[in-house]
Amino acid sequence: MMSGEEEAPTPQQEPEQVKKTDEPPPAAAAAEEEEEKAKPASGSGSPAAAEEEKPITYRALVLTGYGGCDKIKLQVKSMKKASLKAGEVLVRVKACGLNFAELLGKQGLYELLPSPPVTLGMEGSGVIEAVAEDVTDRKVGDRVIAMNRHGMWQELAVVPANRTFPIPDGMSFEEAAALPINYMTAYMMLFEMANLRPGKSVLIHMAAGGVGIAATQLCQTVKDVTIFGTASASKHETISQGGVTHPIDYRTKDYVTEIRKISPKGVDIVLDPLGGADTQKGFGLLKPLGMLIVFGAANCVTGQKKNLLAMAKTWYNQLTLNTLKLMQTNKAISGFHLGYIRDEELFERTLVKLVELYQQGKIKPHIDSRYHFEEVADAMKRMHDRQNIGKVILLPEPKKSEEKTESNAEAAENVEKAEAAVSEKKEDAAEEVEAGKD
């Protein structure tokens with residue numbers, strides 16, 4: 001039966017009788033009305049809908065295979081804004097952070113990174129361009145810090161809304177991109193694990209790196225903390241000004257001996273991103289009731305590609321002991337890996353605290369250098385060679401032609417200066433020879 005008042009024509013009725021009806025049955029009229037309503041929302045009838053369905057392109061840094069920096073390619077991808085899933089937001093990325101994990105990842109040494117091809121990057125900052133229907137605490141236009149397990153090294157990134165955090169007034173996009181990984185790592189190790197208190201002493205390896213500078217600044221939020229920091233001699237002035245009490249050149253001196261000269265009993269906390277033999281040294285440096293926190297294996301990375309010998313050496317020299325030894329020495333060993341933290345409340349609480357410390361002027365990310373996506377190989381080489389002091393930032397925005405022209409001009413000028421210097425030296429040498437003859 002139809003839902004209208006008239007009965008449907010029986011099979012015996014002629015089709016003409018239906019056609020002669022002046023008005024269509026109510027059900028048919030309703031169907032036509034619904035069809036008319038649906039028309040504007042389909043195809044090109046609705047500009048808004050068409051805009052949502054239109055693919056948008058963006059640039060991304062993709063790891064295409066394991067190996068050197070040549071395996072990271074700048075590619076153009078596309079997506080639709082309407083493809084957001086529940087709980088997601090779309091962020092127009094303005095700046096990204098480079099971390100040691102990416103150096104490990106391109107060599108196949110970072111277990112949380114999916115197999116290639118995969119877009120790299122765990123942290124960034126930018127502006128929200130779209131939100132899923134169920135997201136109510138974020139809106140289009142919000143400036144946010146954004147984190148994800150990977151995929152932040154691209155102009156447009158889809159991230160979980162609960163991994164985005166408002167950027168406070170006065171904080172730049174570059175500072176916002178430099179804050180999450182380094183400062184959350186340092187904060188959780190010092191305060192959640194080691195329970196840093198006034199009067200304690202801390203050894204910070206790679207004190208001029210991103211985590212090193214973050215840990216140094218956070219130590220200064222507690223009274224009377226003595227900081228020992230290892231770094232090459234050229235970085236000592238900077239880390240001393242930043243708060244390191246005793247800088248030590250690990251390349252020319254034995255840092256264990258140097259620390260024992262100043263503090264014969266050792267230190268209370270050791271932050272170890274190195275692994276291998278340095279973990280054993282760190283455990284030996286601990287005072288009773290001290291804590292060693294291992295959070296990396298930088299000693300494994302000695303070249304652009306995976307070095308099996310370095311990995312084997314690091315593994316062979318790893319600290320091995322039993323719980324009885326820990327009891328007898330009254331020392332603690334802990335491991336930390338931010339990637340395996342699943343507590344979203346801890347994430348939010350920590351980042352909120354860090355933003356608060358920034359607003360109070362107690363911490364401030366130190367930006368070492370900035371590289372456009374086209375220059376990612378140079379950025380990674382700088383970190384690999386331990387040349388950076390603070391955070392290396394990647395910029396998704398294409399490098400402007402005038403910047404390229406300027407850099408080429410500078411390079412040409414430097415070549416001219418070098419040639420002139422060589423020529424001048426040759427002339428001086430010739431003059432000395434002539435003088436010798438006289």
Side-chain angles (χ1 to χ4, degrees), residues 100-101 104 109-112 185-207 209 211-212 215-216 218-219 222 224-231 244-246 248 250-251 253-302 307-343 346:
F100 203 83
L104 294 171
L109 300 177
Y110 190 70
E111 66 278 8
L112 291 178
T185 296
Y187 186 92
M188 289 184 188
M189 289 193 299
L190 289 171
F191 298 109
E192 299 287 350
M193 299 188 85
N195 191 24
L196 179 63
R197 301 186 305 281
K200 297 295 182 179
S201 55
V202 184
L203 168 59
I204 302 174
H205 285 293
M206 300 174 70
V211 175
T216 299
L218 288 168
C219 282
V222 180
D224 303 323
V225 173
T226 301
I227 304 171
F228 295 87
T230 64
V244 172
T245 318
H246 304 289
I248 302 170
Y250 68 96
R251 294 183 176 180
K253 297 180 180 179
D254 177 22
Y255 63 83
V256 174
T257 302
E258 295 302 309
I259 291 173
R260 292 288 186 191
K261 289 179 182 177
I262 301 168
S263 178
K265 292 182 179 180
V267 297
D268 297 294
I269 301 169
V270 175
L271 303 183
D272 174 23
L274 304 173
D278 289 290
T279 303
Q280 296 195 41
K281 292 179 181 179
F283 185 77
L285 275 171
L286 287 179
K287 294 178 180 179
L289 305 183
M291 176 177 282
L292 165 67
I293 303 177
V294 181
F295 68 103
N299 286 333
C300 287
V301 181
T302 59
N307 186 327
L308 296 178
L309 181 61
M311 292 175 62
K313 183 179 178 182
T314 302
W315 180 262
Y316 179 79
N317 289 318
Q318 281 288 12
L319 175 65
T320 303
L321 45 77
N322 55 43
T323 52
L324 182 61
K325 179 73 171 179
L326 290 177
M327 290 171 57
Q328 293 170 344
T329 57
N330 287 302
K331 298 179 180 180
I333 300 178
S334 182
F336 182 84
H337 195 309
L338 187 64
Y340 285 101
I341 297 291
R342 301 286 190 265
D343 188 341
L346 175 60

What's the shortest heavy-atom distance between [X] and [Y], and which atoms?
{"X": "Leu271", "Y": "Pro273", "value": "O-CD, 3.4 Å"}
{"X": "Ser201", "Y": "Phe228", "value": "CB-CE1, 4.4 Å"}
{"X": "Leu196", "Y": "Val202", "value": "CD1-CG2, 3.9 Å"}
{"X": "Asp268", "Y": "Leu286", "value": "O-CD2, 3.8 Å"}
{"X": "Cys219", "Y": "Leu190", "value": "SG-CD1, 3.9 Å"}
{"X": "Phe191", "Y": "Val222", "value": "CE2-CG2, 3.7 Å"}

Would you compute the distance between atom [atom1] of [X] and atom [atom2] of [Y] and round it to the nearest 0.5 angstrom?
{"X": "Leu292", "Y": "Phe283", "atom1": "CG", "atom2": "CZ", "answer": "8.0 Å"}
{"X": "Leu324", "Y": "Thr329", "atom1": "CG", "atom2": "OG1", "answer": "9.5 Å"}
{"X": "His205", "Y": "Tyr255", "atom1": "NE2", "atom2": "OH", "answer": "4.0 Å"}
{"X": "Arg260", "Y": "Leu285", "atom1": "CZ", "atom2": "CG", "answer": "5.0 Å"}
{"X": "Lys253", "Y": "Thr230", "atom1": "NZ", "atom2": "OG1", "answer": "13.5 Å"}
{"X": "Ile259", "Y": "Lys281", "atom1": "CD1", "atom2": "NZ", "answer": "10.5 Å"}

Can you tell if the side chain of [X] reaches within under 4.5 Å of the side chain of [Y], non-hydrogen atoms only?
{"X": "Lys287", "Y": "Leu289", "result": "no"}
{"X": "Leu338", "Y": "Phe295", "result": "no"}
{"X": "Leu274", "Y": "Met206", "result": "yes"}
{"X": "Val267", "Y": "Lys200", "result": "no"}
{"X": "Met189", "Y": "Ser334", "result": "no"}
{"X": "Ile204", "Y": "Val244", "result": "no"}
{"X": "His337", "Y": "Glu111", "result": "yes"}

Note to self: Using a 6.0 Å cut-off, check whether atom NZ of Lys331 has over 12 heavy atoms from anything other than its own residue.
What the structure shows: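 Atom NZ in Lys331 is crowded, with more than 12 foreign heavy atoms closer than 6.0 Å.
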